[in-house]
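Numbers restart at 1 for each chain; the letters A, B, ... are given by sequence-line order, proteins then strands.
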Number of protein chains: 2
Amino acid sequence: MNPDIDTRSRILATAREMFHGRSYADVGIQEICDGARVQKGSFYHFFPSKRDLAMAVIDDMAGDWAHGFVAEAFDRNLLPVERLDYMIDAAYYWQKAAKDIEGRMPGCLFGNLALEISTRDDVMRAKLNAVFDKAKDKFRITLDEAVLARALPAMDTEATATAMLAYLEGIILLAKSRNDPDVILRLGPAIKTLRIELKH
Amino acid sequence: MNPDIDTRSRILATAREMFHGRSYADVGIQEICDGARVQKGSFYHFFPSKRDLAMAVIDDMAGDWAHGFVAEAFDRNLLPVERLDYMIDAAYYWQKAAKDIEGRMPGCLFGNLALEISTRDDVMRAKLNAVFDKAKDKFRITLDEAVLARALPAMDTEATATAMLAYLEGIILLAKSRNDPDVILRLGPAIKTLRIELKH
DNA sequence: ATGATAATAGACCGGTCGGTCAAGTCAAGG
DNA sequence: CCTTGACTTGACCGACCGGTCTATTATCAT
């Protein structure tokens with residue numbers, strides 16, 4: 001195993017977990033180094049700054065996310081409605097598992113970072129927007145398909161997809177605040193009731 | 001004018017603005033003191049710790065909020081649907097005004113703080129939950145009234161009200177990430193399409 | 001006027017922050 | 001064997017963190 005990649009990915013994984021469970025500002029580089037069993041010098045060999053590390057963490061998580069349960073949820077073999085249900089379920093089980101282990105619901109890393117730093121760092125904000133955009137597109141494609149198959153009436157699929165993403169982030173926010181993953185289960189299914197009409 | 005209250009409220013107002021526009025961790029006490037033209041000794045005369053200040057800020061904002069546009073939006077003389085529209089409009093204009101002045105959308109202070117600290121401070125988390133609960137109750141009362149007047153079909157008003165609050169927080173989150181208040185205007189009206197049926 | 005108390009001033013504390021740097025280890029290529 | 005360059009080590013930096021402390025000033029009831 002290449003020790004370069006190993007060290008780098010160890011830093012990345014540790015930082016990701018810590019940023020997700022706490023916050024960007026609350027986690028120090030020394031703490032990340034301790035957690036990853038790495039010295040400061042090695043850290044700065046791989047990452048020019050804490051900020052660059054955070055951006056790498058976003059990329060890393062976005063990659064895992066896109067190839068993980070988002071890919072599963074938006075499987076084209078599933079019916080559109082099933083995809084939405086799958087997405088909600090996946091969010092629930094993920095948060096539930098995290099809470100069972102850590103005792104706390106970490107929420108959505110992207111949402112957390114967006115609220116913490118988007119007023120101070122336009123580059124990271126743009127990065128997070130790209131992630132949100134990708135997720136929105138998954139919703140939109142699903143809706144387009146459903147409309148085309150006459151499973152749903154005509155609507156503004158772009159706006160409705162964005163609304164669904166917002167709702168998903170909103171229920172995760174509220175669930176995190178209550179530290180109760182069940183909130184996702186109870187509120188989640190209503191994502192299917194959201195609809196924004198085409199403007200005419 | 002009583003100098004006690006004046007100093008205290010100056011600290012409070014400065015901290016509130018800074019916490020809202022940036023984050024809890026990113027704003028230091030020295031910076032707050034400078035902004036409020038107060039010395040550190042005075043600060044610690046009025047607030048035992050930064051954490052206590054933050055809790056006072058939450059109370060302060062919650063008070064202004066409840067007696068301000070939330071009270072206006074949920075005016076019982078308005079039709080239920082009008083109240084929801086008013087709430088969305090108010091959120092939009094507030095964020096728009098803030099962006100026009102500061103260049104950045106601060107988002108919702110409660111949502112921001114909830115995501116930043118609810119994994120680390122259960123007392124503050126409870127305080128934020130209380131604020132969210134009050135907002136949810138405003139929605140629920142509105143829905144109950146609408147259902148009673150046969151303006152809306154029977155539904156789980158408690159769950160739907162929570163869903164509406166989540167959606168509101170979600171669109172503010174997304175709008176903040178895009179630094180674009182218009183997102184609130186475009187997605188907001190769909191809050192009226194949310195519905196969670198009574199379980200039977 | 002005096003004594004008690006509230007408020008202000010600002011130096012100071014240990015600790016931690018993100019980040020730098022010189023010195024060294026080590027494996028691959030010539 | 002020697003050089004090169006990626007990687008690691010850990011001491012070190014100034015700045016700033018939240019918070020403490022002593023001294024001083026302003027306010028007020030007696």
Side-chain angles (χ1 to χ4, degrees), chain A residues 1-58 112-113 116-124 127, chain B residues 1-58 60 112-113 116-117 119-124 127:
Chain A
M1 186 182 286
N2 189 331
D4 302 357
I5 295 177
D6 195 51
T7 297
R8 206 191 110 99
S9 64
R10 224 163 55 230
I11 295 171
L12 211 48
T14 306
R16 181 170 127 174
E17 194 187 322
M18 288 179 173
F19 286 156
H20 193 184
R22 314 236 289 285
S23 76
Y24 174 72
D26 193 53
V27 176
I29 288 176
Q30 189 57 58
E31 194 181 357
I32 294 170
C33 290
D34 292 347
R37 276 161 299 118
V38 158
Q39 299 294 343
K40 257 229 186 111
S42 296
F43 176 93
Y44 279 99
H45 175 74
F46 290 105
F47 300 98
S49 71
K50 184 186 182 185
R51 178 171 171 265
D52 287 273
L53 167 68
M55 297 205 284
V57 164
I58 293 172
N112 296 350
L113 288 175
E116 183 178 359
I117 55 183
S118 66
T119 51
R120 279 176 295 144
D121 191 321
D122 283 335
V123 178
M124 284 181 86
K127 237 180 164 35
Chain B
M1 184 182 286
N2 190 331
D4 303 355
I5 295 177
D6 194 52
T7 298
R8 205 192 111 99
S9 64
R10 225 162 57 231
I11 295 170
L12 212 47
T14 306
R16 181 170 128 174
E17 194 186 322
M18 288 179 173
F19 286 156
H20 194 184
R22 312 234 292 284
S23 74
Y24 175 71
D26 194 54
V27 177
I29 288 176
Q30 189 57 58
E31 195 181 357
I32 294 170
C33 289
D34 291 347
R37 276 160 299 116
V38 159
Q39 298 294 342
K40 261 237 184 102
S42 296
F43 176 93
Y44 279 99
H45 174 75
F46 290 106
F47 300 98
S49 71
K50 185 186 182 185
R51 179 171 171 265
D52 287 274
L53 168 69
M55 297 205 286
V57 165
I58 293 172
D60 185 55
N112 297 350
L113 288 176
E116 184 178 358
I117 55 181
T119 51
R120 279 176 294 142
D121 192 320
D122 283 335
V123 177
M124 284 181 86
K127 241 181 160 35

Undergrad: Regarding D:dG19, can its base be found pairing with the side chain of B:Lys50 as donor and acceptor, where the two atoms are less than 3.5 Å apart?
TA: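 Not at all, since no donor on one side and acceptor on the other fall under 3.5 Å apart.
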Undergrad: Between C1' on C:dA9 and CG on B:Asp34, what's the gap in Å once rounded to a whole number?
TA: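 B:Asp34 atom CG is separated from C:dA9 atom C1' by 14 Å.
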Undergrad: Using atom CD1 of A:Ile29 as one end and atom P of C:dT16 as the other, report the distance to the nearest whole Å.
TA: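 The answer, rounded to whole Å, is 16 Å.
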Undergrad: Can you give me the closest heavy-atom contact between A:Met18 and A:Gly35, atom names plus distance?
TA: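 In this case the closest contact between A:Met18 and A:Gly35 is CE-CA, 4.4 Å.
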Undergrad: Look only at the side chain of A:Arg22 and the backbone of B:Arg120, and say whether a donor-acceptor pair between them is shorter than 3.5 Å.
TA: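 Side chain of A:Arg22 to backbone of B:Arg120: no pair is present.
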Undergrad: OP1 or OP2 of D:dT8 versus the side-chain N and O atoms of A:Thr7: is any pair under 4.0 Å?
TA: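 Yes.
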Undergrad: Do B:Ile32 and B:Leu53 come within less than 4.5 Å of each other through their side chains, counting heavy atoms only?
TA: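 In contact.
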Undergrad: Ignoring hydrogens, what is the shortest heavy-atom contact between B:Val27 and B:Lys50? Give both atom names and the distance.
TA: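 Of all heavy-atom pairs spanning B:Val27 and B:Lys50, the closest is O-NZ, 3.0 Å.
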Undergrad: Let me know the distance between CZ of B:Phe46 and P of D:dG18, rounded to the nearest Å.
TA: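 That distance rounds to 20 Å.
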Undergrad: Is any side-chain heavy atom of B:Val123 less than 4.5 Å from a side-chain heavy atom of B:Arg51?
TA: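 SC-SC contact between B:Val123 and B:Arg51 confirmed.
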Undergrad: Quick one: B:Asp52 CG to D:dG19 C1', roughly how many Å, whole number?
TA: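 From B:Asp52 CG to D:dG19 C1': 13 Å.
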Undergrad: Looking at B:Gln39, does any N or O in its side chain come under 4.0 Å of the phosphate oxygens OP1/OP2 on C:dT8?
TA: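 For C:dT8, OP1/OP2 do not have a side-chain N/O of B:Gln39 under 4.0 Å.
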Undergrad: Between atom OH in B:Tyr24 and atom P in D:dC17, what is the gap in whole Å?
TA: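 Those two atoms, OH and P, are 13 Å apart.
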Undergrad: If you check the A:Gln30 side chain, which of C:dT8, D:dC17, C:dC17 turns out closest?
TA: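 That would be C:dC17.
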Undergrad: Counting side-chain heavy atoms from CB outward, which of C:dT8, C:dG19, D:dG19 is closest to A:Ser49?
TA: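 Within the option list, the nearest is C:dG19.
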Undergrad: Can you figure out which of C:dG18, D:dG19, D:dT8 approaches the side chain of A:Lys40 most closely?
TA: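 Given the options C:dG18, D:dG19, D:dT8, the side chain of A:Lys40 is closest to C:dG18.
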Undergrad: Contact class for A:Gly28 (heavy atom, under 4.0 Å): base, sugar-phosphate, or nothing?
TA: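 Here A:Gly28 touches the backbone only, sparing every base.
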Undergrad: From CD1 of B:Ile11 over to P of C:dT8, roughly how many Å is that when rounded to an integer?
TA: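 Answer to the nearest Å: 8 Å.
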Undergrad: Roughly, in whole Å, what's the span from CE in B:Met18 to C1' in D:dG18?
TA: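 Distance, rounded to whole Å: 16 Å.
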Undergrad: Report the distance from atom CZ of A:Arg37 to atom C1' of D:dT9, rounded to the nearest whole Å.
TA: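 In whole Å, D:dT9 C1' lies 16 Å from A:Arg37 CZ.
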Undergrad: Using OP1 and OP2 only, check whether a side-chain N or O of B:His45 sits under 4.0 Å from C:dT8.
TA: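 Negative; the distance criterion is not met.
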Undergrad: Could you say whether A:Glu31 or A:Gly41 is positioned toward the 5' end of DNA chain C, judged by the nucleotide with the nearest heavy atom to each?
TA: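 The 5'-side residue here is A:Glu31.
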Undergrad: To the side chain of A:Tyr44, which of D:dG18, D:dT8, C:dG18 is closest?
TA: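 The nucleotide sitting nearest to the side chain is C:dG18.
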Undergrad: Want to settle it: does A:Pro48 or A:Asp26 sit nearer the 5' end of DNA chain C, counting the closest nucleotide to each?
TA: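 The answer here is A:Asp26.
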